Trainee: 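Just passing along the structure, written as structure tokens.
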There are 2 protein chains.
Amino acid sequence: MSEEHHPHSGHNHNDCIEAALETAEQLCTEQGQRLTKVRRRALELIWESHRPLGAYQLLAKLAEEGFNSAPPTVYRALDFLLAAGLIHKVESMNAFLGCAHADKVHKGYFLICDECHNVMEFDYQDIHASLIARAAEQDFELRSETIELTGLCSACKAAGASA
Amino acid sequence: MSEEHHPHSGHNHNDCIEAALETAEQLCTEQGQRLTKVRRRALELIWESHRPLGAYQLLAKLAEEGFNSAPPTVYRALDFLLAAGLIHKVESMNAFLGCAHADKVHKGYFLICDECHNVMEFDYQDIHASLIARAAEQDFELRSETIELTGLCSACKAAGASA
DNA sequence: TTTCTTTTGTTATAGTATAACAAGAATTAA
DNA sequence: TTAATTCTTGTTATACTATAACAAAAGAAA
Ligand SMILES: [Zn+2]
Ligand SMILES: [Zn+2]
Ligand SMILES: [Zn+2]
Ligand SMILES: [Zn+2]
């Protein structure tokens, strides 16, 4: 599948999807959560794009496959997947992205390309630590972090330079 | 750059508003931009709340005062104020906040209280530098940063503890 | 089986944002 | 000053994002 331009170009994305789904099954089993058909398929569809997927884009894909096509269906699935840590929401895009590290507790930090709209998740403990420390200086107890950086990815920079 | 937006700092907020409006006038004049009636009043209304204001909340306030009450009116004003750096958008709240440092080029980093919904802007050069460096490691050219941290503010932590 | 809980179906509505084109106001050029 | 230009606002319509509320069905537990 996917020959399209994406940040981890060169890898076999099917492996990503398979691994993610397997992790999801495991985590849900461990936590006594049910990865139902629609939840599982939603996760799979989100993973099939490296780009974050909007709720209604996802809804359309699910509808094509015969799932119920009312908004609550997809938002419920998304809520479940978010709560389980299997996906992240990119706030600045109102879109959702599979998480490749669902088995580790972490915050989603993102690099978003303005040009190709691909999103890369990154995880830097030093920045996380700095943020906690800075918040603590204000006597602020940190709970969640939305870290979304936009700009030009490597590939788009190269493409722009040669254009 | 950190106390101005704080809900419980006991300052005279009218001074904030006045200062912000004066800065806005100056910046617009310098840059040959027009701070029209509706733009100016929108900025003032945003400043009159410590909490970020939603577009439609703002629209309602403007409508009360006889301004045109169709959505484009408020979104145009917001677009102008954003472009001029006079306000920030808090992505995770779909809401807008006056910037107390519009005269300095900077990114808006926010501490958002889950309890009282007040927002504090903070600015830490070291975190900014780290983010640029980390992005550069991925050959990613950083353009914008959305940094929104949620949790419990000092006052709400205290209130919760004593409750 | 019966009961309880979780999940899904369904309809309606709330909330956020932009497109497209017309009209008006301000600036500039002639 | 008038005409041309540019910027701003008015107006209508629509697209996009998300949730409320209640009914029905499915799954787990008793
Ligand atoms: Zn992740
Ligand atoms: Zn790119
Ligand atoms: Zn600011
Ligand atoms: Zn608070």
Side-chain angles (χ1 to χ4, degrees), chain A residues 24-25 28-43 45-46 51-84 86-97 117 146 148, chain B residues 24-25 27-43 45-46 49 51-84 86-97 117 146 148:
Chain A
E25 299 276 16
C28 287
T29 302
E30 282 172 21
Q31 295 164 23
Q33 298 285 76
R34 287 153 59 192
L35 191 63
T36 61
K37 272 196 177 181
V38 66
R39 290 169 177 173
R40 194 194 146 90
R41 188 59 186 140
L43 180 57
L45 286 167
I46 288 170
R51 293 180 177 79
L53 207 56
Y56 281 74
Q57 290 175 279
L58 176 56
L59 186 56
K61 287 175 193 281
L62 287 170
E64 276 176 21
E65 300 181 8
F67 287 96
N68 178 31
S69 66
T73 297
V74 75
Y75 280 103
R76 283 166 180 158
L78 289 169
D79 286 347
F80 175 87
L81 297 171
L82 284 169
L86 297 170
I87 60 172
H88 295 289
K89 178 174 184 183
V90 183
E91 294 289 348
S92 57
M93 301 177 76
N94 293 317
F96 303 84
L97 186 69
H117 303 108
T146 299
E148 300 174 6
Chain B
E25 299 276 16
L27 288 176
C28 288
T29 301
E30 282 172 21
Q31 294 164 24
Q33 298 285 77
R34 286 155 58 193
L35 190 65
T36 61
K37 272 196 177 180
V38 66
R39 290 169 176 173
R40 193 193 147 90
R41 189 58 186 140
L43 180 58
L45 287 167
I46 288 170
S49 168
R51 294 179 175 79
L53 206 58
Y56 281 73
Q57 290 176 279
L58 176 56
L59 186 57
K61 286 175 193 281
L62 287 170
E64 277 177 20
E65 300 181 9
F67 288 95
N68 179 31
S69 65
T73 297
V74 75
Y75 280 102
R76 283 166 180 156
L78 289 169
D79 286 347
F80 174 87
L81 297 171
L82 284 168
L86 298 170
I87 62 173
H88 295 289
K89 179 174 184 183
V90 182
E91 294 289 348
S92 56
M93 300 178 76
N94 294 317
F96 303 84
L97 186 69
H117 304 107
T146 298
E148 300 175 5

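Computed from a prediction, not measured in an experiment: that's the story for all the values here. Chain A is the first sequence line, chain B the second, and so forth, proteins listed ahead of strands; every chain is numbered from 1.
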Trainee: Is any side-chain N or O of K89(B) closer than 4.0 Å to OP1 or OP2 of dA17(C)?
Mentor: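 Answer is yes, contact under 4.0 Å.
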Trainee: Which whole-number value in Å describes the distance from L58(B) CG to dG15(C) C1'?
Mentor: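 In whole Å, dG15(C) C1' lies 15 Å from L58(B) CG.
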Trainee: To the nearest angstrom, how far is L53(A) atom CG from dC16(D) atom P?
Mentor: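 Distance check: L53(A) CG to dC16(D) P gives 14 Å.
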Trainee: How long is the line joining CE of M93(B) and P of dG15(C), in whole Å?
Mentor: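 Value for this atom pair: 15 Å.
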Trainee: In whole angstroms, how far is the C1' atom of dT8(D) from the CG atom of L78(B)?
Mentor: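 My rounded result for the distance is 15 Å.
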Trainee: At under 4.0 Å, does any side-chain N or O of Y75(B) touch on OP1 or OP2 of dA17(C)?
Mentor: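 So the side chain of Y75(B) is within the cut-off, an N or O lying under 4.0 Å from OP1 or OP2 of dA17(C).
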Trainee: L86(B) and C28(B): which non-hydrogen atoms are nearest, and at how many Å?
Mentor: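 Scanning both residues, the minimum pair turns out to be CD1-SG, 4.3 Å.
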Trainee: Taking only the side-chain nitrogens and oxygens of N94(A), find out if one of them lies under 4.0 Å from OP1 or OP2 of dA18(D).
Mentor: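 Looking at the OP1 and OP2 atoms of dA18(D), one of them is under 4.0 Å from a side-chain N or O of N94(A).
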Trainee: Provide the closest heavy-atom pair for R51(B) versus S49(B) in the form atom of the first, atom of the second, distance.
Mentor: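 Answer, listing the atom of R51(B) first, then S49(B): O-OG, 2.7 Å.
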Trainee: So how far is it from L35(B) CG to L27(B) CG, rounded to the nearest 0.5 Å?
Mentor: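 Atom-to-atom, L35(B):CG and L27(B):CG are 10.0 Å apart.
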Trainee: Output the rounded distance in Å from CZ (F96(A)) to P (dC16(D)).
Mentor: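 Rounding to the nearest Å, CZ of F96(A) and P of dC16(D) are 16 Å apart.
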Trainee: Using atom CG of D79(A) as one end and atom P of dA20(D) as the other, report the distance to the nearest whole Å.
Mentor: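 After rounding, the gap between these two atoms is 10 Å.
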Trainee: Taking it one step at a time, do F80(B) and Q33(B) satisfy side chain to side chain contact (heavy atoms under 4.5 Å, CB included)?
Mentor: CA-CA 9 Å; F80(B) 174 87; Q33(B) 298 285 77; 3.8 Å; yes
Trainee: Determine whether V38(A) and R76(A) make a side-chain contact, defined as any pair of heavy atoms from C-beta on separated by less than 4.5 Å.
Mentor: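 No, too far: nothing below the 4.5 Å cut-off.
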Trainee: Going by modelled atom types, is there a donor-acceptor pair between the base of dA14(C) and the side chain of Y56(B) at under 3.5 Å?
Mentor: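 No pair found.
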Trainee: Is there a side-chain contact between V74(A) and F67(A) in this structure, where contact means two heavy atoms from C-beta onward sitting under 4.5 Å apart?
Mentor: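 No - every pair of side-chain heavy atoms lies 4.5 Å or more apart.
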Trainee: Sort me out a list of protein N/O and nucleotides 5-11 of chain C N/O pairs below 3.5 Å, or just none if empty.
Mentor:
unit_1 : atom_1 : unit_2 : atom_2 : d
dT7(C) : OP1    : R39(A) : NH1    : 3.3
dT7(C) : O5'    : R39(A) : NH2    : 3.4
dT8(C) : OP1    : T36(A) : OG1    : 2.6
dG9(C) : N7     : R76(A) : NH1    : 2.8
dG9(C) : O6     : R76(A) : NH2    : 2.4

